[in-house]
Asks: 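Mind having a look at this structure? Questions to follow.
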Amino acid sequence: MEEINELIEQRIKKLEELRQSGIEPFGSSFYAENHASELLNKFDTVKRETLEANPVLCSLAGRIISMRDFGKAAFAHIQDATGKIQVYFKKDILGEKHLLLKKLDIGDIIGLKGRLFRTKTNELTVEVNDFILLTKSLRPLPEKWHGLKDIEIRYRQRYVDLIVNPEVHQTFAKRSTIIKAIRDFFESKDFIEVETPMMQLIPGGAVAKPFKTHHTALGIDLYLRIAPELYLKRLLVGGYEQVYELNRNFRNEGISTKHNPEFSMLEFYIAYRDYHFLMSFTEELITYVADTILGTLKIPYGDAIINLTPPWPRIPMLDALMQKGVPPEIFNDRERAKAWAEANNIEIKEGAPLGKILDEIFKEIVEPELIQPTFIIDHPVELSPLAKSKPDNPALAERFELFIAAREIANAFSELNNPIEQRQRFLAQVEARAEGDEETDWMDEDFIRALEYGMPPAAGEGIGIDRLVMLLTNSQSIRDVILFPQLKPE
RNA sequence: GGGCCGUUAGCUCAGCUGGUAGAGCAGCUGACUCUUAAUCAGCGGGUCGGAGGUUCGAAUCCUCCACGGCUCACCA
């Protein structure tokens, strides 16, 4: 995209003038010894007189984000990865080099050396005694006062958003520490992190429309994975007892404040445990992460304060429905369930089985109320073709979903490890698909074969990382926690 | 995909029932050696998202299109 306006032309002109005077506008390395917030923290309480008596020399590299020029002296703020600090250019000190200031613009990246001092207003500042242009910036940055607000530009040109909106920089730094805390937690519990295929012949482990791609050399179509589940369970067959994978899934569905086509998912499996164990484990995981990142279990989200202090209520799905006035008579009767739903203005697709109807009702009348952490447990088994059913009630699965802030954060179950039953469940799904239900699992013969070798009883769980990050950063849109969210082309 | 809202200078925004397109910041020229939204004086900067239409005349009214936001539907 060639786009020339007056402001860019002026900067290109300066760049050429710099070249002519022997200054390379795109420099090479500069090893700064300090960072902005490091200096600000370290000398926070050091008085002006102390800095005068015992000079502190330092060096910095960063972007000029503001400039107040007095001709023979100038103040600027320099921003690096850690924050910003004021610097002071003075002609008496810089001599000839002071002329170079005229060719600098806001946005340029410089390296500098100098001495710390405090201004009249007591701001810790670097008095520059030498500096070098490291990168000439050709595009003007957004205005200092209002910043960059245009949401479209913020997402499309995230680099600009990150330069001018410090809270965005912080959010993504926090995302990184959240993911690190999760990995630390699993490390401490002796899990191993694994990587399983993102390109799959059969997009299994969840119900979603996949992306399709093509491998030219093999001459086959492949799907981007919608979940790693079936591969992780193959690893349980292979003898690993505790595995996790934290990586991208891809679903070819709508985009919204809660959905991006590619999103990060944590999935983990532990042998010889069941879903009851996982509920306590999940409480431990989430509270560990929240406490590590935020230092508290009472976190603000939107208008609410969410209290993560365990234990969290564990409510059977059908009980939750009854508490909201859904008559239990419909729980075993598809026609009555459908009639009740439609009488209550809940849209039900033609041919939806009983479990899905109950799920629709749940999403409509229960889910919006689940602000504080709540485990909803024991879903209809037909919603959970990969989960073990309850011994005392085969219509229900040993499954839970964790809801926080009216959103599903985690989904887990005792894994079905009976290959004969798993085959029947797949076949039922395939049949449903043949009858027009697109929301079904696919048959995966190799997965059945793996189960036939014997998979230990196990519990498995998936946690949507983007939504967890939203929760812990008080973000209302998934696009605020994904660096480059999917948008239509410009 | 449906509904509602938005798109004007590099950025943030005004622009009334149609009558020559504005401000602040940023930029340019000059002054100024402790400013921090620096200050003071002067100057430049626009395909008003795109294409049609109505009109003597459209940023403004109408239609279509594009992109974005919110929301509903599907999902995590």
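First the proteins, then the strands, lettered A, B, ... as listed; each starts at 1. Remember, predicted model here, so these are calculated numbers, not experimental data.
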Asks: For B/C74, which nucleotide in any strand shown is its Watson-Crick or wobble partner with both distances under 3.5 Å?
Replies: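 WC or wobble partner does not exist here.
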
Asks: Looking only at side-chain N and O atoms, does A/Gln86 offer a donor or acceptor that is under 3.5 Å from a partner on A/Thr125?
Replies: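 Distance-only check passes for A/Thr125 and A/Gln86.
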
Asks: Can A/Asn411 and A/Arg399 be said to form a side chain to side chain contact (heavy atoms under 4.5 Å, CB included), step by step?
Replies: CA-CA 8 Å; A/Asn411 178 25; A/Arg399 175 180 175 188; 3.0 Å; yes

Asks: Please state the P separation for the pair B/G52 and B/A58 - nearest whole angstrom.
Replies: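 Rounded to whole Å, the distance is 13 Å.
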
Asks: Between B/G6 and B/A76, how far is it from one P atom to the other, in whole Å?
Replies: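 Rounded to whole Å, the distance is 34 Å.
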
Asks: Should B/U35 form a Watson-Crick or G-U wobble pair with both distances under 3.5 Å, which nucleotide is its partner?
Replies: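 None - no nucleotide pairs with B/U35, as no candidate has both distances under 3.5 Å.
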
Asks: Are more than 12 heavy atoms from other residues, nucleotides or ligands located less than 6.0 Å from atom NZ of A/Lys97?
Replies: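 Buried by this count: over 12 neighbours within 6.0 Å.
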
Asks: Can a side-chain donor-acceptor contact be found between A/Asp150 and A/Tyr155 if the only test is distance below 3.5 angstrom?
Replies: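 The criterion, which ignores hydrogens and geometry beyond distance, is not satisfied for A/Asp150 and A/Tyr155.
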
Asks: For A/Ile153, answer base if it contacts any base atom (sugar-phosphate contacts may also be present), sugar-phosphate if it contacts only those atoms, and nothing otherwise; contact means non-hydrogen atoms under 4.0 Å.
Replies: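 Sugar-phosphate, backbone atoms only, no base.
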
Asks: Taking A/Glu262's backbone N and O only, do any of them form a donor-acceptor pair with A/Asn260's side chain (distance below 3.5 Å, no angle check)?
Replies: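 Here the side-chain-to-backbone pair exists.
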
Asks: Among A/Phe186, A/Phe268, A/Phe281, A/Tyr269, exactly one meets ring pair (Phe, Tyr, Trp, His ring centres under 6.0 Å) together with A/Tyr244. Which residue is that?
Replies: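 Exactly one pass, corresponding to A/Phe186.
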
Asks: Could you state the atom-to-atom distance from NE2 of A/His77 to C1' of B/A37 in whole Å?
Replies: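 For the pair A/His77 NE2 and B/A37 C1', the rounded distance is 12 Å.
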
Asks: Using the P atom in both, what is the distance from B/G19 to B/G3, to the nearest Å?
Replies: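 One P to the other, the span is 31 Å.
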
Asks: Let me confirm one number: the CG-CZ distance from A/Leu134 to A/Arg63, rounded to the nearest 0.5 Å.
Replies: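 One finds 11.5 Å between CG of A/Leu134 and CZ of A/Arg63.
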
Asks: Just the rounded figure in Å: distance from C1' of B/A76 to CZ of A/Phe403.
Replies: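 It is 10 Å, rounded to the nearest whole Å.
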
Asks: What interatomic distance, in whole Å, is found between P of B/C25 and the corresponding atom of B/G68?
Replies: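 Those two atoms are separated by 33 Å.
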
Asks: Quick one: do A/Asp444 and A/Arg234 make a salt bridge, cutoff under 4.0 Å?
Replies: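 Judged by the 4.0 Å cut-off on N to carboxylate O distance, A/Asp444 and A/Arg234 do form a salt bridge.
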
Asks: May I ask you to say what A/Lys149 touches in the nucleic acid, namely base, sugar-phosphate or nothing, with a heavy-atom cut-off under 4.0 Å?
Replies: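 Counting heavy atoms under 4.0 Å across all strands, the contact made by A/Lys149 is with sugar-phosphate only.
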
Asks: Charged N to carboxylate O under 4.0 angstrom, A/Glu127 versus A/Arg115?
Replies: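 Judged by the 4.0 Å cut-off on N to carboxylate O distance, A/Glu127 and A/Arg115 do form a salt bridge.
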
Asks: Categorize A/Glu360 for me: base, sugar-phosphate, or nothing, with a 4.0 angstrom heavy-atom threshold over every strand shown.
Replies: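 The residue A/Glu360 makes sugar-phosphate contact but no base contact.
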
Asks: Mind calculating the distance between CD (A/Glu123) and C1' (B/A37) to the nearest angstrom?
Replies: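 Computing the A/Glu123:CD to B/A37:C1' distance gives 14 Å.
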
Asks: Of A/Ser66 and A/Arg118, whose closest RNA chain B nucleotide lies nearer the 5' terminus?
Replies: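 Final value for this comparison: A/Arg118.
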
Asks: Across all strands, who's sitting opposite B/C11 as a Watson-Crick or G-U wobble pair, both distances under 3.5 Å?
Replies: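 Paired with B/C11, as far as the under-3.5 Å criterion goes, is B/G24.
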
Asks: Can you find a side-chain donor-acceptor pair between A/Ser264 and A/Arg175 that sits under 3.5 Å?
Replies: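 A/Arg175 and A/Ser264 do have a side-chain donor-acceptor pair below 3.5 Å.
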
Asks: Rounded to whole angstroms, how far apart are CD on A/Glu367 and C1' on B/C74?
Replies: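 That distance rounds to 13 Å.
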
Asks: Tell me: CD of A/Glu253 to P of B/C74, nearest whole Å?
Replies: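 Whole-Å distance recorded here is 11 Å.
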
Asks: How many whole angstroms separate atom CG of A/Asp161 from atom C1' of B/U12?
Replies: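 In whole Å, B/U12 C1' and A/Asp161 CG are 15 Å from each other.
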
Asks: Tell me what A/Asn260 touches on the nucleic acid: a base, only sugar-phosphate, or nothing, going by heavy atoms under 4.0 Å.
Replies: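 Base: the residue A/Asn260, judged by heavy atoms under 4.0 Å, touches a nucleobase.
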
Asks: Between the protein and nucleotides 22-26 of chain B, list every N/O to N/O distance that falls short of 3.5 Å.
Replies:
residue, atom, partner, partner atom, Å
B/G24, N2, A/Glu143, OE1, 2.9
B/C25, O3', A/Lys144, NZ, 3.4
B/A26, OP1, A/Lys144, NZ, 2.7

Asks: Say you pick atom P in B/C28 and the same atom in B/U35; how far apart are they, in whole Å?
Replies: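 After rounding to an integer number of Å, I get 23 Å for this pair.
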
Asks: Taking N or O atoms only and anything under 3.5 Å, show me the protein contacts with nucleotides 28-32 of chain B, one pair per line.
Replies:
residue, atom, partner, partner atom, Å
B/C28, OP1, A/Lys14, NZ, 2.4
B/C32, N3, A/Phe70, O, 3.4
B/C32, N4, A/Gly71, N, 3.2

Asks: Could you state the atom-to-atom distance from CZ of A/Arg139 to P of B/A9 in whole Å?
Replies: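 So the CZ-P distance, A/Arg139 to B/A9, works out to 15 Å.
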
Asks: Reading nucleotides 65-71 of chain B 5' to 3', which nucleotides get B (base under 4.0 Å from a protein heavy atom), which S (sugar-phosphate only), which -?
Replies: --SSSSS

Asks: Is A/Glu17 salt-bridged to A/Lys13, going by a charged N under 4.0 Å from an acidic O?
Replies: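 Salt bridge between A/Glu17 and A/Lys13, a charged N being under 4.0 Å from a carboxylate O: yes.
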
Asks: In whole angstrom, what separates A/Glu267's CD from B/A76's P?
Replies: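 It works out to 12 Å between those atoms.
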
Asks: Roughly how far apart, to the nearest Å, are B/G57 and B/A21 at atom P?
Replies: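 About 16 Å, rounded to a whole number of Å.
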
Asks: Sort out the partner of B/C16 for me: Watson-Crick or G-U wobble, both distances under 3.5 Å, none otherwise.
Replies: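 WC or wobble partner does not exist here.
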
Asks: Check every strand shown and say whether A/Gln86 touches a base, only sugar-phosphate, or nothing at a heavy-atom separation below 4.0 Å.
Replies: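 Here A/Gln86 touches the bases of the nucleic acid.
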
Asks: Would you say the side-chain atoms of A/Thr196 and A/Arg225 include a donor-acceptor pair closer than 3.5 Å?
Replies: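 A pair is found: one side chain offers a donor N or O, the other an acceptor, under 3.5 Å apart.
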
Asks: Taking the side chain of A/Phe263 as its heavy atoms from C-beta onward, which of B/A76, B/C13, B/C34 lies nearest to it?
Replies: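 Per side-chain heavy atoms of A/Phe263, the pick is B/A76.
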
Asks: Could you work out the separation of B/U54 and B/U60 based on their C1' atoms and round it to a whole Å?
Replies: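 These two C1' atoms come out 13 Å apart once rounded.
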
Asks: Answer whether the closest heavy-atom distance between the side chains of A/Val87 and A/Ile110 falls below 4.5 Å.
Replies: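 Side-chain contact under 4.5 Å: no.
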
Asks: Does a side-chain N-to-carboxylate-O contact under 4.0 Å join A/Lys356 and A/Glu360?
Replies: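 Looking at A/Lys356 and A/Glu360, the cut-off is not met.
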
Asks: Just name whichever nucleotide pairs with B/C67, Watson-Crick or G-U, keeping both distances under 3.5 Å, else none.
Replies: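 Check on B/C67: paired to B/G6, both distances under 3.5 Å.
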
Asks: Which nucleotide sits closest to the side chain of A/Ile478: B/C11, B/U35, B/A76?
Replies: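 Output: B/A76.
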
Asks: Any base atoms under 4.0 Å from A/Gly147, or only sugar-phosphate, or nothing? Heavy atoms, all strands.
Replies: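 Since only primed, P, OP1 and OP2 atoms lie under 4.0 Å of A/Gly147, the category is sugar-phosphate.
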
Asks: Say we look at B/A14 and B/U8: how far apart would their C1' atoms be, to the nearest angstrom?
Replies: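 These two C1' atoms come out 10 Å apart once rounded.
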
